[in-house]
Every structure is written in structure tokens, then in C-alpha cells.
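In listed order, ligands and their atoms are each counted from 1.
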Amino acid sequence: MNDVQKTDGPRLLDVRDLEVTYANGAAAVRGVNLHVDAGQKLGVAGESGCGKSTLALALLRLLPAGAKVSGQILLDGEDVLTMKWGRVRAVRWAGASIVFQGAMHSLNAVHRIGDQIAEPILLHRKATQAGAEKKVGELLEHVGLPAARAAAYPHELSGGQRQRVMIAMALACDPRLIIADEPTTALDVMIQAQILRLIEQLVAEQDLGLMMISHDLAVLSDTCDRLAVMYAGRVVEEGPATEVYERARHPYGKALSATFPRIGDPASRFAPRGLPGDPPDPSALPTGCTFHPRCPVALESCSTEDQALREAGPHHRAACVHAGAPLPAQPTAAPATAERTP
Ligand SMILES: Nc1ncnc2c1ncn2[C@@H]1O[C@H](COP(=O)(O)OP(=O)(O)O)[C@@H](O)[C@H]1O
Ligand SMILES: [Mg+2]
């Protein structure tokens, strides 16, 4: 993204030409470039199956064996893809850490949460038991839970509390970058808002970088400074969050912002909702622009010619033939539905 870098040193996270192909041939991430500086919040949006989690897992080399990865993942200038395993393990906690969706599955049901948060502190920080326990108490209080909850088992906590524990665990070794993959998707709206505010507060207080992944563009645009919209493994639109959310220049970005309207926005009630069909199977991608089969404003050339990201506004880029001008008015029904004959 072409926004101005805050410091002269290497970026906190700089992903260049990242490609991931699973062992079965699924090209899940295709030529992704993005970056996060300290204190910045990047939102990565896209429907299920667009490659967001694959991207997150690739960043810390957590992909299953057999996945082919190329490109560069520079964390503070150091390429994660060429690091020795010992270094990767250290970086996973102290460099960058991930908060996943669905804390119940990520926490171990038979261990007290305090012990689970203490584990990486003991291992990577070589802390004493007493030192680790003190840090656990501080972390719990930091995420809005009483220190005494360290003695609880995961099933004794609510969904929101468990997600707070996951965040405390992610912060255990003072990482500089947090990658949050759908951190609030499993939570109800009220709790979701609380967790989002907590993440925002922690990022601001500690000058962390945040990469937050969600299918919900409205949530991301509320929380993040910049957005990258992924479709079929590629970034198809990127720019300042408000710019992308309110003036999307890619028809996919536009459809996503219409699908997730801001609560209380009267205009959004009249906007087209949803998008027919599904993202393509990454083992059998359509020719040309991968979005063309679902695109309400596709031209004939879109089925054969792919588009690279191009300027679409201030610091705003979109990979669409229409990117240079506001999108043409969309037909009320997408072509797939409109053209269907009985
Ligand atoms: N282990 C795997 N092997 C093969 N294909 C996979 C694997 N994991 C994910 N995929 C495929 O890669 C694509 C992207 O998946 P994913 O990164 O989970 O997307 P998202 O997080 O955006 O929903 C999907 O088509 C998915 O089926
Ligand atoms: Mg995912």
C-alpha cells in the first residue's frame, strides 16, 4: 500500500508477493503485498474461502506440511520464510502472535487458564514460576478479567471471557504485532463490540501493529486505519478504511460494504445486499478477472483479461477495469440471476 511510512527502519510487517498453494493444488494466496507499521491497524476483509486464514497462518509458518509458499514475509526486516525453526518459535510469541476465532477450541479444556497463559512465559521468557504467575495476573487485569480468574477452567468462563483469555495469551510475551483472525465472529454483538474496543485500546497503549481479519467490512472499517479486500487469494482493493468502506471502487468491495452496512445508516437499507454465488474454488479459478462470473458490472473483456491493482483515489487502489472512475450503476439483480431463463 502506498501510504507514507512513519519511520526510516524496516516495516514491522512487510509481505511481498506472497503465494501459497496447498498440496492439493489449491492456489489459496496469490501474489499478496501488504504491510503493517507499529501503531497501525490493517483490516483484511473477504468472504469465507478467499484466503484470509491461509495468509495469517503463512505469516508464522503455521501452514500444513506440503503447502508451497513463496515470496517474502519480513518481520522487522527479517524474512520469516527463511528463518531457522528455533527462531520461528521465538518469533511466534515475541514477534507476532495470533488470536484465533472460537476460543473454546484453542484453549485446553483440562488446564486452568492461568497455567495456559503462563506456559509461553515460562518457556520463552525463562521466567520463574512466581514471575510467570505475577505476569498472568497482570495480563488478565489488562484484558478486563480479575487476576483470580487464573484458577478457572475454560468451561467456567463465558465466550467473551474466553476470548479475553486468548488475547491475554497472545500478549504474554509482549509481541509487537497481533494477528487477529475473526476474533469476534463467534460472539454476540454486544460482546463483540467490547472485545473490539479492548483490542483497539491495547494496540494504542502498546504501539502494536494489528492485522485484523474479518468477513465483516463494517467491523473492520470501524476498527482499522486501512483495509485490504481479498478475493480468490488476491488483494483486489486496498486503501484508507473509510475510503474503501464508503467509496469502494471494486465491485466486490462495494458488495461487501453493502452486505455489512453500519448499524443505523439509513442509506444502507436501500443498498443491494449480499452477492449471489460463492468465491471460486482455488483449484479451478475462472479465467480473466476471477470475480467476473459474479460481477454485476463486468465487461466482455473481464472474462479474458485480469486486472492488476491500479490507482482509484487517494492512497486507494483497486484491481478493476472500472477502478479509475466511480463504479457504473449496478443492475438491481446480478447477471447470474437476471439472465437465468426458465
Ligand atoms: N489444508 C488445506 N488444503 C487444501 N485447501 C485448503 C486448506 N486450507 C484451506 N484450503 C482452501 O484454501 C482456500 C482459502 O481458505 P482460507 O484461507 O481458510 O480462507 P478464509 O480464511 O478467507 O475463509 C479455500 O478454498 C479453502 O478450501
Ligand atoms: Mg478464515
Tell me: protein heavy atom nearest [atom], and distance?
atom                    : answer
atom 19 (O) of ligand 1 : Gly51 N, 3.2 Å
atom 22 (O) of ligand 1 : Lys52 NZ, 2.8 Å
atom 10 (N) of ligand 1 : Tyr22 CE1, 3.4 Å
atom 18 (O) of ligand 1 : Ser53 CB, 3.8 Å
atom 26 (C) of ligand 1 : Pro282 CG, 4.9 Å
atom 12 (O) of ligand 1 : Ala28 CB, 3.5 Å
atom 15 (O) of ligand 1 : Thr54 OG1, 3.8 Å
atom 20 (P) of ligand 1 : Gly49 N, 3.4 Å

Please list, in number order, the atoms of ligand 1 under 4.0 Å from a heavy atom of [X].
X     : value
Cys50 : 19 (O), 20 (P), 22 (O)
Pro64 : 1 (N)
Glu47 : 22 (O)

Among side-chain atoms of [X] and [Y], is any donor-acceptor pair under 3.5 angstrom?
X      : Y      : result
Glu47  : Tyr252 : yes
Ser283 : Tyr22  : no
Gln40  : His35  : no
Gln206 : Arg176 : no

Please check: side-chain N/O of [X] versus main-chain N/O of [Y], any donor-acceptor pairing under 3.5 Å?
X      : Y      : value
His322 : Val297 : yes
Ser257 : Gly253 : yes
Thr21  : Lys68  : no
Arg61  : Val80  : yes

(message) Checking contacts here: is it the side chain or the backbone of Ser48 that comes within 4.0 Å of ligand 1, counting heavy atoms only? Could be both or neither.
(response)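 Under 4.0 Å from ligand 1, Ser48 contributes backbone and side-chain atoms.
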(request) Have a look at ligand 1 and work out which part of Met230, if any, has a heavy atom under 4.0 Å from it: side chain, backbone, both or neither. (result)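 For Met230, there is no contact with ligand 1 at all, from either part.
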(message) Please check if the number of heavy atoms outside Glu300 that lie under 6.0 Å from its CD is greater than 12.
(response)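 No - once you tally the heavy atoms of other residues, nucleotides and ligands closer than 6.0 Å, there are 12 at most.
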(request) Keeping waters out of it, list the protein N, O or S atoms under 2.8 Å from the Mg ion (ligand 2). (result)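 Checking every protein N, O and S atom gives Ser53 OG.
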Pair [X] + [Y]: basic N to acidic O under 4.0 Å:
X      : Y      : answer
Asp37  : Arg226 : no
Glu200 : Lys41  : yes
Glu19  : Arg30  : no

(message) Please compare Asp278, Asn24, Val44, Leu57 and report which has the shortest non-hydrogen distance to atom 4 (C) of ligand 1.
(response)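 Nearest heavy atom to atom 4 (C) of ligand 1 lies in Asn24.
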(request) Decide whether an N or O pair under 3.5 Å exists between Ala26 and ligand 1. (result)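 No: no nitrogen or oxygen of Ala26 is under 3.5 Å from one in ligand 1.
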(request) Dump the intermediate steps for ring pair (Phe, Tyr, Trp, His ring centres under 6.0 Å) on His250 and Phe291, then the final yes or no. (result) CA-CA 10 Å; His250 194 289; Phe291 186 60; 5.7 Å; yes
